[in-house]
Amino acid sequence: MSDVKRKIGIMGGTFDPIHIGHLVTAEAVRIEYGLDKVLFIPSANPPHKQHSQVTPAIHRYIMTVMATYSNSHFYVSPIEIERPGLSYTIDTVLALIEQYGDKTEFYFITGADAVQDLPTWRNIDHLLDLCYFIAATRPGCICSLDHVIKNFGMKGRQRIQRLPTPELEISSTDIRERVRQGRSIKYIVPESVESYILKEGLYIR
Ligand code: ATP
Ligand code: MG
């Protein structure tokens, strides 16, 4: 039997809406690390966004499916939106290990801004035993990643890796604002996502 481990990327996010920044980042990490596939996992109730209004999960899920459809390595998992309660990454990764087996290596893909919050994540110490974190550099983020990595000691140095990716100054917050103001979102989101947002009247207030 082959000893080659399967490598799976996990791209977690609110995806409200998914945009080109997410897609370019996931593809860059997939190629650099030779990942077999990337699972996009829209979160149901992100613990860090409890006070802001998040679009119903079904819309975010549909947009994520449409945006990733044309990439044969990209898949969307409903695992977090099907699980009641807050969406903690540790629960997701444990469920994925159960599903794929422990011969699989998991690579959690994040923007460097998200990595700075890692110390606050539930069971982060255990999570670092279970997966790598690939921090894509992101414009506008004054990244003191070194500090975060150092805080986790040896485990941090082994498990948290930085990858300079094509830096696109795009955020879902800006896209929502553009729609609200009637400005164009063409080429910032895939065409199908743009049509869906306009058809469903998302983000108009
Ligand atoms: P919001 O403005 O609503 O927070 P967002 O654009 O940051 O949205 P999220 O769904 O919060 O998108 O992000 C999911 C993941 O994608 C996070 O790890 C985030 O750091 C990363 N990410 C978001 N935008 C970019 C980008 N332009 N380049 C690289 N990574 C990104
Ligand atoms: Mg964000």
Side-chain angles (χ1 to χ4, degrees), residues 9-33 35 38-68 71 74 76-81 86-90 92-93 106-121 124 127 131-145 148 159-181 183 185 187-190 193-194 197 202-203:
I10 303 171
M11 182 88 197
T14 318
F15 304 132
D16 194 12
I18 188 162
H19 54 68
I20 297 297
H22 298 128
L23 298 167
V24 168
T25 300
E27 181 69 351
V29 177
R30 180 186 77 76
I31 290 169
E32 182 67 24
Y33 284 83
L35 305 181
V38 177
L39 294 176
F40 285 70
I41 307 189
S43 58
N45 304 298
H48 61 289
K49 287 188 180 167
Q50 277 179 78
H51 302 296
S52 45
Q53 240 187 350
V54 175
T55 304
I58 184 72
H59 286 310
R60 295 183 287 110
Y61 180 79
I62 290 171
M63 290 189 283
T64 306
V65 170
M66 290 192 304
T68 54
N71 188 322
F74 285 0
V76 186
S77 165
I79 186 169
E80 291 197 354
I81 49 186
L86 296 176
S87 309
Y88 290 107
T89 301
I90 183 76
T92 302
V93 171
F106 290 98
Y107 292 75
F108 196 94
I109 305 166
T110 70
D113 57 321
V115 170
Q116 287 184 303
D117 298 335
L118 272 189
T120 66
W121 287 26
I124 181 61
L127 195 53
C131 62
Y132 292 96
F133 279 83
I134 311 304
T137 49
R138 204 181 165 181
C141 151
I142 308 155
C143 300
S144 52
L145 274 191
V148 175
R159 292 302 207 169
I160 306 173
Q161 300 175 11
R162 212 188 310 246
L163 181 70
T165 50
E167 301 205 356
L168 295 172
E169 202 165 348
I170 299 173
S171 72
S172 303
T173 302
D174 177 59
I175 292 165
R176 295 192 298 272
E177 195 53 35
R178 280 169 175 270
V179 175
R180 210 167 285 129
Q181 296 170 350
R183 289 158 60 210
I185 55 168
Y187 314 122
I188 306 176
V189 296
V193 172
E194 181 197 7
I197 290 171
L202 303 183
Y203 313 126

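Values below: every heavy atom of this structure, side chains too, minus hydrogens, waters and symmetry copies. For ligands, and for the atoms within them, numbers begin at 1 and follow the listed sequence.
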Residue [X] vicinity, atoms of ligand 1 by number, heavy atom under 4.0 Å:
| X | result |
| --- | --- |
| Ser171 | 2 (O), 6 (O) |
| Ala114 | 18 (O) |
| Thr14 | 10 (O) |
| Gly13 | 10 (O), 14 (C) |
| Thr173 | 1 (P), 2 (O), 3 (O) |

Heavy-atom contacts under 4.0 Å between [X] and ligand 1: side chain, backbone, both, or neither?
| X | value |
| --- | --- |
| Thr110 | both |
| His19 | side chain |
| Ala136 | neither |

Considering all heavy atoms, the nearest [X]-[Y] contact:
| X | Y | answer |
| --- | --- | --- |
| Gly21 | Leu168 | CA-CD1, 4.0 Å |
| Pro17 | Ile175 | CG-CG2, 3.7 Å |
| Ile18 | Thr64 | CD1-CG2, 3.8 Å |
| Leu127 | Val93 | CD1-CG2, 3.9 Å |

Quick one: does [X] get a heavy atom under 4.0 Å from ligand 1?
| X | value |
| --- | --- |
| Gly12 | yes |
| Arg176 | yes |
| Asp16 | no |

Is the backbone of [Y] close enough, under 3.5 Å, to the side chain of [X] for a donor and an acceptor to pair up by distance?
| X | Y | answer |
| --- | --- | --- |
| Asp16 | Thr55 | yes |
| Ser87 | Ala44 | yes |
| Arg176 | Leu202 | no |

- Query: What about Leu168: any of its N or O atoms under 3.5 Å from an N or O on ligand 1?
  - Reply: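 Min N/O separation from ligand 1 is below 3.5 Å for Leu168.
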- Message: Measuring from atom CD1 of Ile188 to atom CZ of Arg183, what distance do you get when rounded to the nearest 0.5 angstrom?
- Response: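 Taking CD1 in Ile188 and CZ in Arg183, the distance rounds to 8.0 Å.
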- Task: Evaluate the side-chain proximity of Ile197 to Met63: yes if any heavy-atom separation is below 4.5 Å, no if none is.
- Result: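 In short, these two side chains touch, coming nearer than 4.5 Å.
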- Task: Check each of Thr25, Ile109, Thr165, Val115 against atom 30 (N) of ligand 1 and report the one with the nearest heavy atom.
- Result: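 Result: the heavy atom closest to atom 30 (N) of ligand 1 is in Thr25.
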